[in-house]
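Worksheet for the structure shown next.
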Amino acid sequence: MTKFNEFNLSPDILKALDGLGYHEATEVQLQVIPAVLNKEDLVVQSKTGSGKTASYGIPVCEQMDWEENKPQTLILVPTRELAVQIQEELMHIGRFKRLKVVAVYGKSPFKDQAQQLKQKTHIVVGTPGRVLDHLERGTLSLKQMNTLILDEADEMLNMGFFETVEMILKMTPQTRQTLLFSATMPTRIKELANRYLINPSEIKIESESIATDLVEHALYSVRMQEKVRLLQDLLTVETPDRCIVFCSTREAVEALYQGLKAKGYPTNRLHGGMEQKDRLEVMRNFKMGQFAFLIATDVAARGIDISDLTHVFNFDLPDDQEAFVHRIGRVGRAGKVGKAITFVTPFETKLLDQIQKYIGFELPEMERPVATEVEKAKAAFLTKLKQRPKASLQKRADTNNEIMKIYLNGGKKKKLRAIDFVGTILSIEGIEKEDIGIIDIKDQVTYIDILNGKGWTVIDGLKTKTIKGKKIKAQKAYN
Ligand code: ADP
Ligand code: MG
C-alpha cells in the first residue's frame, strides 16, 4: 500500500487526489509516477481498469508550468468519449493548480475548439484526426510541448489511426518525453515504440489477462433467436445495478435497444452511427444513473470508465479476443467484483475456443434460469427498475464542492482581460489569489472558477464593484 504523499507531490495535487477518493496508488501508478517524474520514456502494458489515466495524469499535472500559455502535454486517444473522460479526470487532478485541459475530437465544431486553444491551455487531449487538423491549420502549437502520451495505443492501431499518429509524432519536438500505454502489445506497437521512443523503460503489470477473482464469468449456449429472451431472464434474475450489453453491429444495438425500450426497460444505446453530441449525452446520463442498461458496440464503449458497473453482457461474441478483454475490463474495476455473462451460439465454437485460449481459462458454462426461478425474481426486479439507480458521480461532486463556476455578463467584446477580472475580484474582502481558478473569456460572457468555497463571497462582492469601470453582473453558472 503506497500513499500518494510518498511520491513527493505538491499539496495542490495531493488535495485533489484526496477529493477524488484516491488514497493509495494502484500497481501501475506505483511504477509509472516516479518514472514519469524522472523524465523517462515509457512503454506501459497494463489491463483496463488499473488506473492508467492517473498514472500519467498525476505526474504530468505535477510538473506543469502554470505560467506557460502554450500546451505542454498532448495526449492522443482513439475515441471522443475517451478524450472527454480523460479531460475530466485531468481537470480534477489539476484543479487546484488551475490547469486548463482542452479536449479536441471530430464531429464537433472546429471553431469552438480553436477558440479554446487560443487561450491559455496546459494539456490537450484528442483523437488523432482532429489533432492533426488543428496542427495543420495552425490552431494548435507544439512549440512548448514536452510530453506526448499515446493512450490505448492498440486501439488506435485497430482503428486505422496509425499513420496519423506517426505524422503527429514527427511534428512534435524531438526533445519530448513519450509515454505509450496499451492493454496489449502487438508487433506494430513495439515497432512504433522502437522508432519513436528513446530507451523506454518497459513496465508490464502482471495480472493474468483478466483477474478471475474480480470478474465472475458465466457462459450460456443459446440459439440466435433465443438471445433476447435469455437476456431478459438473466436481467431479471441477476438484477444488475448498471450494465453494458455488447452487440457486434450498430444495427444489432438499435434492434435490441428498440425492443427492450418498447418493453419498458430503462435503457439507452451507444454506437458509432450516432451524432457526437447524442453519444456524449448518453454517456453522461448513464454515468449519472438515469438509466441502467446500456446497449453498445465495442468502439463506442472503448476505455469508458463507469464505476458501479456490476455486469457486462456479451450478447454477441466479439470479433476477436482483444475486444473480449476490453469488454470484460469494464467490470471488476478499481477492486470491485463484477460479473461477465457471455452468449455463444452453436456456430461460434471456434471463435470461443480462440478467446478461451487467449485468456487462458475456460468460461464456466451455466444452465439457463428456469421459468419458476425467473418468475420468483420478477417482483424484486420490477421494484428495482422503478428506483432510479443512484448517481455514480459522488466522488466528482466532492471535489466540485469547494469550487464554484461563476458566470459574468461581459467578455472580449467589452475588451475585458483576465487581469481585469483578477484585479476586481482580489479587491473583495476575504479573497486571495489562490481562490481564483480557471478564467474562460468568451466574446460576450466569462466563466471563472472560484475555489475554496468562496463562490458566493465573490458573487456578493461583485455586486458593489465595477470591472474596468463597467458594471458586470455575476451569478452561479449551471454547467
Ligand atoms: P485504465 O486507464 O487503466 O483502464 P482508469 O484510469 O480509467 O483505468 O481508472 C479506472 C478507475 O479507477 C477509475 O474510476 C479511476 O477513477 C479509478 N482510480 C484510479 N486510480 C485510483 C486510485 N489510486 N484509487 C482509487 N481509484 C482509482
Ligand atoms: Mg485508460
Side-chain angles (χ1 to χ4, degrees), residues 1-38 42 44 46-64 73 75 77 81-101 103 122-123 125 147 149 151-152 179 181 183 203 205 207 211 214 242 287-289 303-309 329-338 390-403 437-438 449 451-453:
M1 300 289 178
T2 301
K3 302 257 193 306
F4 285 105
N5 52 21
E6 288 167 39
F7 291 116
N8 224 343
L9 300 167
S10 57
D12 278 345
I13 299 290
L14 289 174
K15 187 167 147 198
L17 294 178
D18 201 48
L20 282 165
Y22 297 0
H23 301 300
E24 274 138 23
T26 65
E27 185 64 28
V28 70
Q29 290 162 1
L30 198 62
Q31 299 198 35
V32 171
I33 294 171
V36 177
L37 291 173
N38 204 21
L42 293 182
V44 183
S46 172
K47 66 162 188 163
T48 43
S50 50
K52 289 192 283 292
T53 316
S55 80
Y56 61 77
I58 293 168
V60 155
C61 289
E62 171 71 27
Q63 292 178 308
M64 200 60 57
T73 296
I75 304 165
V77 298
E81 282 83 0
L82 205 50
V84 171
Q85 180 179 299
I86 291 172
Q87 187 243 351
E88 285 175 356
E89 174 136 9
L90 297 193
M91 197 189 79
H92 285 293
I93 295 172
R95 194 118 224 183
F96 300 106
K97 272 190 82 169
R98 296 183 289 146
L99 300 182
K100 173 109 177 268
V101 189
H122 298 102
I123 301 172
V125 42
T147 312
I149 298 167
D151 198 355
E152 307 257 7
L179 313 174
F181 290 81
I203 295 178
I205 304 301
S207 43
L214 285 182
R242 210 189 292 267
K287 287 189 183 182
M288 300 282 288
I304 290 304
D305 174 56
I306 293 148
S307 41
D308 306 345
L309 204 62
R330 310 292 101 230
V331 289
R333 289 167 87 79
K336 285 190 195 126
V337 183
K390 58 179 187 316
S392 65
L393 290 180
Q394 199 48 46
K395 66 178 180 195
R396 307 294 192 218
D398 293 343
T399 5
N400 282 332
N401 247 342
E402 298 191 32
I403 298 160
I438 295 164
D449 274 358
L451 281 51
N452 305 320

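One is the number of the first residue; the rest follow in order along the sequence. The model shown is predicted, which means the values in this text are computed figures rather than measured ones.
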* Stepwise, does the side-chain contact (heavy atoms from CB on, under 4.5 Å) test hold for I149 with V60? -> CA-CA 10 Å; I149 298 167; V60 155; 3.9 Å; yes
* N5: partners by side chain to side chain contact (heavy atoms under 4.5 Å, CB included), with sequence neighbours left out -> K3, L14
* To do: Check side chain to side chain contact (heavy atoms under 4.5 Å, CB included) between I13 and all other residues, then give those that pass, not counting sequence neighbours.
  => L9, S10, L17, I58, C61, E62, I93, K97
* To do: May I ask you to establish whether K52 and F181 are in a cation-pi arrangement, using a distance under 6.0 Å from NZ or CZ to the six-membered ring centre and at most 45° from the ring axis?
  => no
Spacing of [X] atom [atom1] and [Y] atom [atom2] [to the nearest 0.5 Å]:
{"X": "R242", "Y": "L309", "atom1": "CZ", "atom2": "CG", "result": "8.0 Å"}
{"X": "N452", "Y": "F96", "atom1": "CG", "atom2": "CZ", "result": "7.0 Å"}
{"X": "K287", "Y": "Q85", "atom1": "NZ", "atom2": "CD", "result": "4.0 Å"}

Quick one: are [X] and [Y] in side-chain contact, heavy atoms under 4.5 Å?
{"X": "L99", "Y": "L90", "answer": "no"}
{"X": "V101", "Y": "Q87", "answer": "yes"}
{"X": "T73", "Y": "M64", "answer": "yes"}

For [X] versus [Y], what's the shortest heavy-atom pair and its separation?
{"X": "Q29", "Y": "F4", "answer": "OE1-CZ, 3.5 Å"}
{"X": "P59", "Y": "A54", "answer": "CD-O, 3.9 Å"}
{"X": "R95", "Y": "D449", "answer": "NH2-OD2, 3.4 Å"}
{"X": "I86", "Y": "Y56", "answer": "CD1-OH, 3.4 Å"}

* Option passing side chain to side chain contact (heavy atoms under 4.5 Å, CB included) with L179 (candidates I203, D151, V44, T147) -> T147
* Looking at residues at least two apart in the chain, or sitting in another chain, which of them share a side chain to side chain donor-acceptor pair (under 3.5 Å) with S46? ->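 So S46 forms a side chain to side chain donor-acceptor pair (under 3.5 Å) with S50.
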* Return the set of residues passing side chain to side chain donor-acceptor pair (under 3.5 Å) with E27 (not counting sequence neighbours), or none when no residue passes. =>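 Partners of E27 under the side chain to side chain donor-acceptor pair (under 3.5 Å) test: Q31.
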* **Contacts of type salt bridge (Lys or Arg N to Asp or Glu O under 4.0 Å), residue D12, not counting sequence neighbours** =>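 Testing D12 for salt bridge (Lys or Arg N to Asp or Glu O under 4.0 Å), a comparison that skips the adjacent residues, returns none.
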* Donor-acceptor contact below 3.5 Å, side chain E89 vs main chain T53 -> no
